Amino acid sequence: GKGLGMTTVPYLYHKGTVMLYATIALILENSFIRRTYASSYHYIYAGYGISLFVVALLDALCISAPFQRLLFRGVGHYCKEGKRKDWLARRRVQVDSLQKESLAIIKDKVLGIRLVLINLLKFSFWYIIPYLTFLAFGGDAGSVSVVQNMATASFMQLIVGVIPTSGGM
């Protein structure tokens, strides 16, 4: 219904920024991650790949008319009569509405930049909390730097948040 684009587009920016943060962390701390998490490093790549797929799929659904036509052509093959045909017609109207709302939001480049920057700042604060908490309770970080801790937290969020939930973020 109406407003779906208002919730979907910020979710796409959120997921995209999670991936951007994880990419930066991977570039900066690749050797630390490979060394420290050698047995589970493949989960990071799998989580990144699935997240990329989910974001690309939702992005295409929100803004790509050719993708929508292809999708509905494929689904239409199975929904040719009766209730299925009516169901498909309602979904088509909803997706058209989603596209119009999403495009209106995405066209605002300043808003997009703000969303990414706010998310990067939010994640930075969020990812540093475990490190600061550990230090506040007298823990010795040893050889783990703040950046390494933040990289680990970003990968944890990437892996845990791979499948979209109804709550969004």
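Just so you know, these numbers come straight off a predicted model, no measurement behind them. Just so it is clear, the values below take in all heavy atoms, side chains as well, and ignore hydrogens, waters and symmetry mates.
A distance of 4.0 Å separates OG of S124 from CE of M150, quoted to the nearest 0.5 Å. Within the model, atoms OG of S154 and CD of E29 stand 10.0 Å from one another, a figure rounded to the nearest 0.5 Å. In this structure, CG on L135 lies 5.0 Å from OH on Y131, to the nearest 0.5 angstrom. The SG atom of C62 sits 6.5 Å away from the CD1 atom of I106 when rounded to the nearest 0.5 Å. Atom CZ of F32 is separated from atom CD of Q148 by 4.5 Å, given to the nearest 0.5 angstrom. From H14, atom NE2 reaches atom NZ of K122 across 5.5 Å, with rounding to the nearest 0.5 Å.
Under the 4.5 Å side-chain contact rule for hydrophobic residues, F155 and V147 do not share a cluster. A continuous path of hydrophobic side-chain contacts links Y11 to L158 [ILVMFWY only; heavy atoms under 4.5 Å]. Under a hydrophobic-cluster definition in which Ile, Leu, Val, Met, Phe, Trp and Tyr are linked whenever side-chain heavy atoms come within less than 4.5 Å, directly or via other members, L57 and L98 are assigned to the same cluster. Under the 4.5 Å side-chain heavy-atom criterion for ILVMFWY residues, a single connected hydrophobic cluster contains both I63 and L52. Transitive grouping of hydrophobic side chains (ILVMFWY, heavy atoms separated by less than 4.5 Å) brings L12 and I50 into a common cluster.
The shortest non-hydrogen separation linking V75 to W87 is CG1-CZ3, 4.3 Å. Among all heavy-atom pairs drawn from M19 and Y48, the shortest one is O-CE1, 3.6 Å. Looking at every heavy atom in both residues, V55 comes nearest to G16 through CG2-N, 4.3 Å.
Shown here are the side chain to side chain contact (heavy atoms under 4.5 Å, CB included) partners of A56, two or more places apart in sequence or in another chain: there are none. Taking the side chain to side chain contact (heavy atoms under 4.5 Å, CB included) definition, one finds that L132 meets it with I128, sequence neighbours left out. Judged as a ring-ring contact (aromatic ring centres under 6.0 Å, His included), and not counting sequence neighbours, the contacts of Y127 are Y21, F123. Y41 pairs by the side chain to side chain contact (heavy atoms under 4.5 Å, CB included) definition with L26, N30, I33, R34, I44, Y45, not counting sequence neighbours. Applying the side chain to side chain contact (heavy atoms under 4.5 Å, CB included) test to L111 and every residue at least two apart in sequence or in another chain returns I105, D108, L115.
The one candidate from V116, L117, V110 that meets the side chain to side chain contact (heavy atoms under 4.5 Å, CB included) condition with I113 is L117.
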- Start with the C-alpha gap between V18 and S51, add the side-chain angles, then the distance that decides, and say whether side chain to side chain contact (heavy atoms under 4.5 Å, CB included) holds. CA-CA 9 Å; V18 166; S51 289; over 6 Å; no
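Other residues, nucleotides and ligands place no more than 12 heavy atoms under 6.0 Å from the CZ atom of R114. Within 6.0 Å of CZ on F53 lie no more than 12 heavy atoms contributed by other residues, nucleotides or ligands.
Side-chain atoms of Q68 come within 3.5 Å of backbone atoms of L61 as a donor-acceptor pair (strictly under, hydrogens ignored).
Other residues sharing a hydrophobic cluster with L121 under the 4.5 Å side-chain heavy-atom criterion for ILVMFWY residues are F125.
Counting heavy atoms from C-beta on, the side chains of K15 and L58 never come closer than 4.5 Å.
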